[in-house]
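Remarks on the structure that follows.
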Amino acid sequence: MKKVVAFMHVSLDGYAAGPNGEMDWIKVDEEMFDYVATLISESEIALYGRVTYELMESYWPTAADQPNASKHDIEHAEWYKKVKKVVVSKTMKDEKHPNTAIIRDNFSENISALKQETGNDIILFGSPSVARALTAENLVEVYWLFVNPILLGKGKKMFDVTGASIPLRLLTSKTFASGVICLQYEVISSK
């Protein structure tokens, strides 16, 4: 059974984006790209919300073709073209995007069905609203949180957990030269 791995940047005070969706505070560099390359390369499904998907789709299909493309741009663009993309959106139009499916309704059932397929894990990139919905439905098994050294004070919360608490176990931590700390947690199952 596949696991859903939520791969998120977050501010120290728990925001995944600024009030208007700003992400210019997020620190990324080659050290970080190299660290997560294995996780990304082994995944078979990339899960996005509409906004994150549109951002990715505007860059990655042609990123490797640019004259100044970095090693990461080339490798990630190649992966992006191959990976099955699943977009959670009630408003996205049925445009033809290669290797892309849209989930418009029955969110929990559709994600649960994806998890039943054989193969490697499902990676959720960004998409804080989808991450919150998956968390509320107990559909995330692992969180990779890249804690950025900034206090935003306001914005879009990474977590808005109401009801029962969700116990987590720290699997790994890594501090980057940029000051970002990656914390990898797994959900402790109550089953």
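Because the structure is predicted, anything quoted here is derived from the model rather than measured.
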Test side chain to side chain contact (heavy atoms under 4.5 Å, CB included) applied to Ser108 and Leu139, step by step
CA-CA 8 Å; Ser108 184; Leu139 292 171; 4.0 Å; yes

Linked, directly or transitively: Val36 and Leu171 (ILVMFWY side chains, under 4.5 Å):
no

So, Thr91 and Arg50: side-chain donor and acceptor under 3.5 Å apart, yes or no?
yes

Whether the Glu57 and Tyr80 side chains hold a donor-acceptor pair (N or O, under 3.5 Å, no angle test) is what I'd like checked.
yes

Are His76 and Ile40 close enough that some pair of their side-chain heavy atoms sits under 4.5 Å apart?
yes

Closest non-hydrogen contact found for Ala63 with Ala69 is O-CB, 3.4 Å

Could you work out, with side-chain contact (heavy atoms from CB on, under 4.5 Å) as the rule, every residue matching Leu151, not counting sequence neighbours?
Leu12, Asp13

Heavy-atom nearest pair, Leu183 first then Ser173, reads CD2-CB, 3.8 Å

Measuring from atom NZ of Lys3 to atom CG of Asp121, what distance do you get when rounded to the nearest 0.5 angstrom?
6.0 Å

Determine, stepwise, if the pair Tyr48 / Lys85 fulfils side chain to side chain contact (heavy atoms under 4.5 Å, CB included).
CA-CA 8 Å; Tyr48 301 101; Lys85 293 166 275 297; 4.0 Å; yes

Student check: side-chain heavy atoms of Asp73 and Trp60 closer than 4.5 Å
yes

Ile45 vs Ile123, side chain to side chain contact (heavy atoms under 4.5 Å, CB included): CA-CA, chis, key distance, verdict:
CA-CA 6 Å; Ile45 297 175; Ile123 305 292; over 6 Å; no

Any side-chain heavy atom of Asp34 within less than 4.5 Å of one from Lys71?
yes

Quickly, which of Met92, Glu54, Met56 forms a side chain to side chain contact (heavy atoms under 4.5 Å, CB included) with Val87? Name it, please.
Met92

Parallel, tilted or perpendicular for His97 and Tyr53, by the 30°/60° rule?
perpendicular

Distance from His9 atom NE2 to Trp144 atom CH2, nearest 0.5 Å?
12.0 Å

Under 3.5 Å, is there a donor-acceptor pair between the side chain of Glu117 and the main chain of Ala113?
no

Answer whether the closest heavy-atom distance between the side chains of Ile122 and Ser43 falls below 4.5 Å.
no

Show me the pairs that pass salt bridge (charged side-chain N to carboxylate O under 4.0 Å, His left out) and involve residues 126-147, at least two apart or across chains.
Lys115-Glu141

Backbone N/O of Pro98 and side chain of Thr100: donor-acceptor pair under 3.5 Å:
yes

Do Val187 and Ile166 make a side-chain contact, defined as non-hydrogen atoms from C-beta onward lying under 4.5 Å apart?
yes

Assess whether side chain to side chain contact (heavy atoms under 4.5 Å, CB included) is satisfied between Arg104 and Val88, documenting all intermediate values.
CA-CA 6 Å; Arg104 286 195 171 75; Val88 176; over 6 Å; no

Applying ring-ring contact (aromatic ring centres under 6.0 Å, His included), which residue pairs with at least one partner in residues 15-34 are found, sequence neighbours left out?
Phe33-His72

Quick check on the hydrophobic clustering: are Tyr143 and Met1 connected, directly or via other members, by side-chain heavy-atom contacts under 4.5 Å?
no

On a heavy-atom basis, the closest approach of Met32 and Ser178 is CE-OG, 4.2 Å

Under 4.5 Å between any side-chain heavy atoms of Tyr35 and Phe176, yes or no?
yes

What heavy-atom pair brings Val140 and Val142 nearest, and what distance separates the two atoms?
CG1-O, 3.3 Å

Less than 6.0 angstrom from the centroid, inside 45 degrees of the normal: does Lys157 satisfy that with respect to the ring of Phe159?
no

Val51 and Met158: same hydrophobic cluster, using ILVMFWY side-chain contacts below 4.5 Å?
no

Any ion pair linking Lys2 and Glu44 (charged N to carboxylate O, less than 4.0 Å)?
yes

Heavy-atom side-chain contact between Ile102 and Val86 under 4.5 Å
no

Residues Pro19 and Lys156: closest non-hydrogen pair is O-CE, 4.0 Å

Aromatic ring centroids of Trp79 and Phe125 under 6.0 Å?
yes

For the side chain of Asp29 and the backbone of Glu31, is there at least one donor-acceptor N/O pair under 3.5 Å apart?
yes

Is the closest side-chain heavy-atom distance between Ile103 and Asp105 below 4.5 Å?
no

Nearest heavy atoms of Gly126 and Thr52, plus distance in Å:
C-OG1, 4.3 Å

Check: Phe7 ring centre within less than 6.0 Å of Phe146 ring centre:
yes

